[in-house]
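Sequence positions, counted from 1, serve as the residue numbers for this chain. FYI, side chains are in, hydrogens and waters are out, and symmetry mates aren't considered; it's all heavy atoms of this structure.
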Amino acid sequence: MHQGHPHETLIRFLKARESNVTKAHKMLSDCLKWRVDNDIDGMLAKPIVPEELYRDIRDSQLVGLSGYTNEGLPIFALGVGLSTLDKASVHYYVQSHIQVNEYRDRVVLPAATKKYGRHISKCVKVLDMTGLKLSALNNIKLMTIISSIDDLNYPEKTLTYYIVNAPYIFSACWKVVKPLLQERTKRKINVLSGCGQDDLLKIMDYSSLPHFCRKRSSGSSKHLEKYVESCFSLDHPFHQQMYDYIKKQFMVHKPVEPVKQGSVHVTLPEDADEEDIAKILESELEKYEDLERSPESLKDLKISDDKC
């Protein structure tokens, strides 16, 4: 959970409860219980299968990693307006969200820490409101569940939330969603003008801008722009690496099946004594090349010639 930084983890929970030690202790205890009850430590060993289902989830729950800020913080992009959340059950969307959180904390942030030479424990999030409609409020229950999971179990993991491409309907939706957020979360939200490119370029390079934050220049064409890689796609390197990681973890933690039992037929001479029988059996056993896979190697098996 703390990824080798227990002190920093305690500070996060203290900040989340305004430095109230008693409340922070309860929050941390509840978080640990939630992790145990839901086997969160094993979440990255539970791939969503078949892959077609996972692709449907990626196409309807838009999230991805577009790059890093100038200070090395991972930039997570969320397509709020175009996320339909209608291709799978609530269970799978919650599982997918937790997997992204866990992969961020266990893989992305440690890699960023190593790359930039300093401890990095937070990210920034850019929320795209393109295509937002009032019908998005139909998913308010799922959004509340996901928001609660983040607030209660992953506190202080996001430095700033940037909202871009907000349509006129955004203000109406915001009035409904805002009361559901923690006060500390509200203070981190920054609504940018238009696609937000000018403001975001102050903290990141152009190559790290999410595709929906890039202005269309007068000389560019739709033909060229359609090749701008979407970090939401399952084919994006981030999602390919994460899904491969989860499948590999599944194979590592996959329960070992019991060794199948069989029989061996050995022909013994009629006049064979106990010493001859022992030698014949040992010779037959040595012929099997798969003995190393047995829980207890039969190579060390000693056949006694003592009478029972």
Side-chain angles (χ1 to χ4, degrees), residues 1-46 63 65 68-76 78 80 90-91 93-127 140-163 174-191 203 249:
M1 177 181 173
H2 54 70
Q3 302 301 314
H5 298 276
H7 179 74
E8 190 272 344
T9 299
L10 295 176
I11 294 298
R12 288 196 294 110
F13 280 85
L14 275 171
K15 286 183 177 180
R17 288 297 177 260
E18 307 298 336
S19 298
N20 186 308
V21 175
T22 301
K23 291 182 178 180
H25 178 269
K26 184 181 185 307
M27 183 185 186
L28 179 57
S29 298
D30 290 344
C31 172
L32 292 173
K33 184 178 185 304
W34 172 78
R35 295 187 67 88
V36 172
D37 291 347
N38 295 280
D39 189 27
I40 302 302
D41 286 348
M43 189 61 70
L44 289 182
K46 299 176 181 178
V63 61
L65 179 70
Y68 297 83
T69 68
N70 298 334
E71 295 183 350
L73 276 65
I75 304 163
F76 281 89
L78 290 84
V80 177
V90 170
H91 166 79
Y93 284 117
V94 171
Q95 179 182 348
S96 172
H97 179 77
I98 294 174
Q99 286 180 333
V100 172
N101 280 357
E102 291 293 310
Y103 188 76
R104 173 198 65 197
D105 293 351
R106 298 191 218 173
V107 179
V108 176
L109 290 174
T113 294
K114 182 178 180 180
K115 178 179 179 180
Y116 291 92
R118 66 183 187 84
H119 179 50
I120 296 176
S121 62
K122 297 178 184 290
C123 67
V124 299
K125 293 182 179 180
V126 184
L127 285 62
I140 195 69
K141 179 180 179 181
L142 175 56
M143 291 188 289
T144 301
I145 292 172
I146 289 176
S147 176
S148 296
I149 287 174
D150 286 351
D151 283 336
L152 298 176
N153 303 290
Y154 301 94
E156 300 299 319
K157 298 298 293 186
T158 302
L159 181 67
T160 309
Y161 298 86
Y162 295 102
I163 294 177
W174 179 239
K175 289 180 181 178
V176 177
V177 175
K178 188 176 181 179
L180 304 176
L181 303 177
Q182 298 285 335
E183 284 300 323
R184 69 180 189 281
T185 301
K186 296 176 188 176
R187 293 194 292 266
K188 298 177 181 178
I189 295 175
N190 191 350
V191 181
I203 64 168
Q249 290 300 304

R184/E156 ion pair, N-O < 4.0 Å
yes
Look at E102 together with R35 and state whether they make a salt bridge at an N to O cut-off of under 4.0 Å.
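Yes, charged N to carboxylate O under 4.0 Å.
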With rounding to the nearest 0.5 angstrom, report the [atom1] to [atom2] distance, [X] to [Y].
{"X": "L159", "Y": "I120", "atom1": "CG", "atom2": "CD1", "answer": "11.5 Å"}
{"X": "L181", "Y": "T144", "atom1": "CG", "atom2": "OG1", "answer": "9.0 Å"}
{"X": "I40", "Y": "Q99", "atom1": "CD1", "atom2": "CD", "answer": "10.0 Å"}
{"X": "S29", "Y": "H25", "atom1": "OG", "atom2": "NE2", "answer": "4.0 Å"}
{"X": "I189", "Y": "L127", "atom1": "CD1", "atom2": "CG", "answer": "8.0 Å"}
{"X": "K122", "Y": "T69", "atom1": "NZ", "atom2": "OG1", "answer": "13.0 Å"}

Would you check if [X] and [Y] make a side-chain contact, meaning some heavy-atom pair closer than 4.5 Å?
{"X": "M27", "Y": "P155", "answer": "yes"}
{"X": "L73", "Y": "Y116", "answer": "no"}
{"X": "I98", "Y": "N153", "answer": "no"}

Mutual orientation of the aromatic rings belonging to Y154 and W34 [parallel < 30°, tilted 30-60°, perpendicular > 60°]:
perpendicular
Spell out, as yes or no, whether a donor-acceptor pair under 3.5 Å connects the side chain of K157 to the backbone of S121.
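Confirmed, K157 side chain pairs with S121 backbone.
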Without swapping roles, check the side chain of Q95 against the backbone of K46 for a donor-acceptor pair under 3.5 Å.
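Side chain of Q95 to backbone of K46: a pair is present.
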Are more than 12 heavy atoms, taken from residues, nucleotides or ligands other than K15, located less than 6.0 Å from that residue's NZ atom?
no
So which atom in F76 and which in L78 form the shortest heavy-atom distance, rounded to 0.1 Å?
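Smallest interatomic distance, heavy atoms only, reads O-CD1, 3.7 Å.
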Listed partners of N70 passing side chain to side chain donor-acceptor pair (under 3.5 Å), at least two apart
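For N70 there are no side chain to side chain donor-acceptor pair (under 3.5 Å) partners, ignoring immediate neighbours.
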List for me each residue that meets ring-ring contact (aromatic ring centres under 6.0 Å, His included) alongside Y103, sequence neighbours excluded, and say none if there are none.
F238, Y245
May I have the step-by-step check of side-chain contact (heavy atoms from CB on, under 4.5 Å) for K23 and E18, ending in yes or no?
CA-CA 9 Å; K23 291 182 178 180; E18 307 298 336; over 6 Å; no
When H97 is tested against each of D150, I145, V63 for side-chain contact (heavy atoms from CB on, under 4.5 Å), which residue passes?
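Checked D150, I145, V63 against H97; only one passes side-chain contact (heavy atoms from CB on, under 4.5 Å): D150.
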